[in-house]
Amino acid sequence: QEAAKYEKKVMVLDFVTPTPLGNSWGLGGTCVNVGCIPKKLMHQAALLGQALQDSRKFGWQFMEEVKHNWMTMTEAVQNYIGSLNWGYRVALRDKKVTYENAYGEFVGPHTVKATNKRGVAKLYTAERFLIATGERPRYLGIPGDKEYCISSDDLFSLPYCPGKTLVVGASYVALECAGFLAGLGLDVTVMVRSILLRGFDQDMANKIGEYMEEHGINFIREFVPIKVEQLEEGTPGRLKVIAKSTKGNQIIEGEYNTVLLAIGRDACTRKIGLDKVGVKINEKTGKIPVNDEEQTNVPYIYAVGDILQDKLELTPVAIQAGRLLVRRLYAGATSKCDYMNVPTTVFTPLEYGACGYSEETAVEKFGEENIEVYHSHFWPLEWTVPSRDNNKCYAKIICNMQDNERVIGFHVLGPNAGEVTQGFAAAIKCGLTKEQLDSTIGIHPVCAEV
Amino acid sequence: GKNEYDLLVIGGGSGGLACAKEAAQFGRKVAVLDYVEPSPQGTKWGLGGTCVNVGCIPKKLMHQAALLGSALKDAQHYGWNIAQPVQHTWSVMAQAVQNYVKSLNWGHRVQLQDKKVKYFNMKGSFSDPHTIRGLTKAGKETIVTAENIVIATGGRPKYPTHIAGALEYGITSDDLFWLKESPGKTPLAYYPFVLHLYEIIVYISLTDASPDVSLECAGFLTGIGLDTTVMMRSIPLRGFDQQMASLVTEHMESYGTKFLKRCFPTKVEKLESNRLQVTWKNTDLGTEETDSFDTVMWAVGRAPDTETLNLETVGVKTNSETGKIIVDASEATSVPHIYAIGDITEGRPELTPTAIAAGKLLAQRLFGQSSELMDYDNVPTTVFTPLEYGCVGLSEEAAVQCYGSDNIEVYHAYYKPLEFTVAERDATQCYMKMVCLQEREQRILGLHFIGPNAGEVIQGFALGIKCGATYPQLMKTIGIHPTCAEEITKLHITKRSGLDATVTGC
């Protein structure tokens with residue numbers, strides 16, 4: 001859309017290869033269809049469930065029995081997504097960007113073959129190309145995984161309630177999904193191979209896990225599934241999962257209605273003809289290395305988003321990178337995407353917002369004696385009346401003592417963590433120091449003032 | 001003779017307690033006097049001051065109760081099956097809130113004890129610059145002397161005593177939070193419509209800028225299902241950005257609060273049914289009108305609590321118009337060794353966090369060899385109306401007045417919180433704007449945000465503004481997706497351009 005502003009002739013190819021279970025979706029990519037958007041809406045549904053419980057303590061009265069209807073929620077979410085798909089198509093049309101619902105792959109220099117759903121192929125040439133094919137969920141590679149398990153690609157449009165669910169994985173996708181499924185009243189178990197939220201601050205990750213466990217989510221740690229069998233067909237059916245310990249030979253079995261795999265995502269770079277044009281990829285991960293101007297090793301081919309090597313897999317990063325790239329190419333701008341201090345939020349039942357260094361990376365980079373960690377537990381005012389979770393919320397900032405006590409890491413665990421963290425990220429961008437933090441007055445009473 | 005205490009604080013509220021506790025950290029001998037004169041309706045409360053007992057805390061909790069009412073409606077869209085009817089019972093909420101407040105009263109007493117601060121439940125007045133006469137409820141007198149004295153007695157709601165019946169029949173925020181029974185008497189069926197029999201009217205007439213507990217009260221009263229009307233003589237949220245203020249009241253109107261604009265009451269009478277009849281003048285139409293209500297609540301400003309302090313005896317100067325104590329940048333009054341902090345001081349924002357910060361810094365300067373003065377610039381605040389409004393820095397009008405409209409640029413956007421989509425909620429007033437200087441750096445002068453969790457959103461940005469944040473720096477900050485706050489980092493349409501400022505898609 002940005003390129004079209006500069007009166008360039010632009011085409012977008014988008015195609016969704018159906019999931020092993022046959023699921024597909026419209027224009028917009030992962031975030032809109034099977035990522036951030038449906039995830040946050042279902043997280044909201046779970047939060048509302050909690051709100052219902054709280055409201056009784058605040059004087060609201062209604063029948064004891066409150067049940068959640070999966071279909072009502074999913075339909076509403078899918079309708080909203082449909083409106084976004086439609087919105088994108090209209091936006092592209094308005095901006096005169098040619099859109100083709102076809103699978104694109106390179107066949108030679110400056111040439112791409114686009115194959116549509118019906119198998120009809122067309123060739124297109126362009127001066128420049130941007131690869132932004134993103135990723136898809138990884139499967140375990142064990143018997144029964146593709147036949148019987150679902151992934152996040154399937155969950156958000158599942159036409160039946162998943163029931164008793166086993167979530168395999170410890171990524172933020174795994175924990176967020178496990179979180180909201182439990183919040184909707186389902187029996188949820190999470191099977192974790194080793195640690196939670198690899199790459200995130202481990203102190204915070206453990207607190208998230210603890211909170212989830214205290215709220216009824218079962219964790220099976222240090223096990224991996226080795227086989228999934230179907231006991232009974234149905235919507236949902238019944239599945240048997242056999243798992244092996246990572247520490248020995250112990251084997252366990254469990255029965256579930258649904259098994260959700262969330263063990264990672266693989267870049268969609270293997271089957272798009274990159275070898276035909278000489279674009280180098282990391283053979284192990286499939287990701288594309290680029291320079292700081294998002295250019296691949298082939299000068300006229302660029303890449304943005306989840307497929308980039310060593311870059312964050314986040315929607316806003318991809319958007320920013322894409323926009324700035326185009327402005328550099330066509331509007332004479334020089335700004336590069338700033339990948340430093342990108343804030344993120346994990347929308348687990350107890351939300352976690354972060355910006356900057358984790359405690360362990362700060363210690364590694366600067367040395368323990370050169371950093372200072374300020375921290376505090378807090379109790380959101382809104383949780384006092386329902387007597388909920390005293391002392392679970394937590395915030396910490398990590399400061400670099402060698403640089404005027406500059407704030408290099410910000411972490412908060414609590415409600416609306418995303419809203420809280422956003423402004424702090426802006427402040428960190430401005431070079432926030434502990435002194436400036438101390439001299440800023442808090443808004444009372446909110447969680448962020450802590 | 002030698003003074004008994006190093007520091008005596010009169011007033012055990014946000015500012016007073018913070019100051020006292022901080023001073024005690026330095027190993028000083030500190031005492032606090034706190035006393036609550038019952039309201040005309042007889043309401044009183046424990047240690048902690050306005051914020052804890054009749055301000056921020058109960059206000060936010062009742063606001064939460066109202067928000068939960070909206071959440072109940074939203075929940076249905078998200079698949080939760082809630083059997084009708086849904087009702088709200090005031091006494092359950094009030095008791096829960098009051099119990100929590102009492103636990104805070106208790107907590108403060110324990111803290112003072114732990115920090116070895118002496119607490120007197122007495123009303124204090126000056127005998128001389130270092131001597132305070134304390135009087136208990138029973139009339140027992142105690143004399144206390146101190147090297148330094150801090151006045152932090154705060155304020156109390158004013159009554160429009162020129163209106164007949166105002167004092168006898170009306171309540172204020174002092175009473176609202178402690179009502180055992182609903183101001184609208186019996187619980188109403190929340191669905192499908194509100195019965196019009198039980199009504200409350202809130203009259204707002206503020207002459208100076210003050211965070212609007214009154215509008216917030218009207219908001220949550222509406223939210224819990226009570227028929228609420230707000231009567232205003234002039235403009236709401238005086239001193240705040242007026243564009244934002246009208247969006248806030250617009251939302252309240254669509255939310256169900258009734259407004260009687262440009263009207264002022266002339267008398268309040270009690271009817272046989274025990275209801276109250278209010279007579280008022282409509283300045284637009286030039287007519288006189290009446291209607292009856294269950295409760296009349298006054299919100300006509302707060303008066304500084306200085307009357308019984310005996311300030312004239314020691315010569316502490318007050319502002320002749322407002323009655324507030326005049327202080328300099330170090331919180332010192334016109335009398336050496338006597339200081340004042342919090343709502344009682346002239347020219348300061350009436351906010352808990354500023355009182356606390358001022359109190360702490362004062363103690364640090366007196367006893368901790370610090371020289372740091374309180375910075376009252378860019379204090380962020382939030383109005384907890386049904387659709388919350390958070391802001392930091394200058395309003396658009398103040399910026400224009402200060403720099404001229406040619407020298408400022410206002411970026412703005414109308415947005416829709418993701419959570420509103422499935423809930424089919426109206427986001428017409430969800431709006432944000434950033435007021436920047438035009439010159440090259442484009443420093444941010446003010447940030448205004450209306451939407452859910454406004455306080456949480458604004459807090460971090462206030463920090464940024466403290467660091468001298470500029471528009472380009474904010475634009476370099478990547479957004480967190482999906483949140484409302486991220487829209488701030490995406491602001492790019494200016495008011496000057498006249499373009500449609502509605503956010504569309506990712």
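- Counting non-hydrogen atoms of other residues, nucleotides and ligands closer than 6.0 Å to NZ of A/Lys311 gives a total above 12.
- For the options A/Leu314, A/Leu47, A/Thr344, heavy-atom pairs under 4.5 Å to chain B are most numerous at A/Thr344.
- Of all non-hydrogen atoms in A/Phe58 and B/Met93, the two that sit nearest each other are O-CB, 3.2 Å.
- Rounded to the nearest 0.5 angstrom, B/Thr421 OG1 and A/Lys40 NZ are separated by 10.5 Å.
- Between the side chain of A/Glu419 and the backbone N or O of B/Ala485 there is at least one donor-acceptor pair closer than 3.5 Å.
- At a 4.5 Å heavy-atom cutoff, the contact between B/Met374 and chain A is made by side-chain atoms alone.
- When the candidates B/Ala469, B/Ala71, B/Gly79, B/Gly464 are compared by the number of heavy-atom contacts under 4.5 Å with chain A, B/Gly79 comes out ahead.
- When all heavy atoms of B/Tyr78 and A/Ala45 are compared, the pair lying nearest together is CD2-CB, 3.6 Å.
- When all heavy atoms of B/Ile480 and A/Gly418 are compared, the closest pair comes out as CD1-O, 3.6 Å.
- Among B/Asn378, B/Asp375, B/Leu418, B/Asn99, the residue with the largest count of heavy-atom pairs under 4.5 Å with chain A is B/Leu418.
- For the options B/Ala357, B/Ala462, B/Gly479, B/Ala423, heavy-atom pairs under 4.5 Å to chain A are most numerous at B/Gly479.
- Interface check for chain A: of the options B/His63, B/Glu372, B/Glu486, the most heavy-atom pairs under 4.5 Å are formed by B/Glu486.
- Counting heavy atoms of neighbouring residues, nucleotides and ligands inside a 6.0 Å radius, atom CZ of B/Arg443 does not exceed 12 of them.
- Closest heavy-atom contact between A/Cys31 and B/His481: SG-NE2, 3.1 Å.
- Only the side chain of A/Phe347 comes within less than 4.5 Å of a heavy atom in chain B; its backbone stays farther off.
- Between B/Cys467 and A/Leu432, the closest heavy-atom pair is SG-CD1, 3.5 Å.
- Distance OG1/B/Thr489 to CD/A/Gln320: 8.0 Å, rounded to 0.5 Å.
- For the options B/Leu68, B/Ile458, B/Val92, heavy-atom pairs under 4.5 Å to chain A are most numerous at B/Leu68.
- With rounding to the nearest 0.5 angstrom, the OG1 atom of A/Thr421 is 10.0 Å from the CD atom of B/Glu456.
- For A/Leu184, the parts sitting under 4.5 Å from any heavy atom of chain B are the backbone and the side chain alike.
- The neighbour count for A/Arg56 CZ, taken as heavy atoms of other residues, nucleotides or ligands under 6.0 Å away, is above 12.
- Ranked by heavy-atom pairs under 4.5 Å with chain B, the list A/Glu75, A/Met63, A/Gln44, A/Lys57 is led by A/Gln44.
- Interatomic distance, NZ of B/Lys476 versus NZ of A/Lys429, reported as 6.0 Å (0.5 Å rounding).
- For chain B, the option among A/Gly431, A/Gly59, A/Ser55, A/Ala427 with the highest count of heavy-atom pairs below 4.5 Å is A/Gly59.
- Remark: side-chain polar atoms of A/Trp60 are not paired, donor with acceptor, to backbone N or O of B/Val86 under 3.5 angstrom.
- Considering only heavy-atom pairs separated by less than 4.5 Å from chain B, the leading option among A/Thr72, A/Val342, A/Leu48 is A/Leu48.
- The greatest number of non-hydrogen atom pairs below 4.5 Å with chain A, out of B/Val379, B/Leu474, B/Ile82, is found for B/Ile82.
- For the atom pair CD1 of B/Ile478 and SG of A/Cys355, the computed distance is 10.0 Å after rounding to the nearest 0.5 Å.
- Taking every heavy atom of both residues into account, B/Pro482 and A/Cys36 meet most closely at CG-O, 3.7 Å.
- If you take NZ on B/Lys466 and CG on A/Asp438, they are separated by 11.0 Å, rounding to the nearest 0.5 Å.
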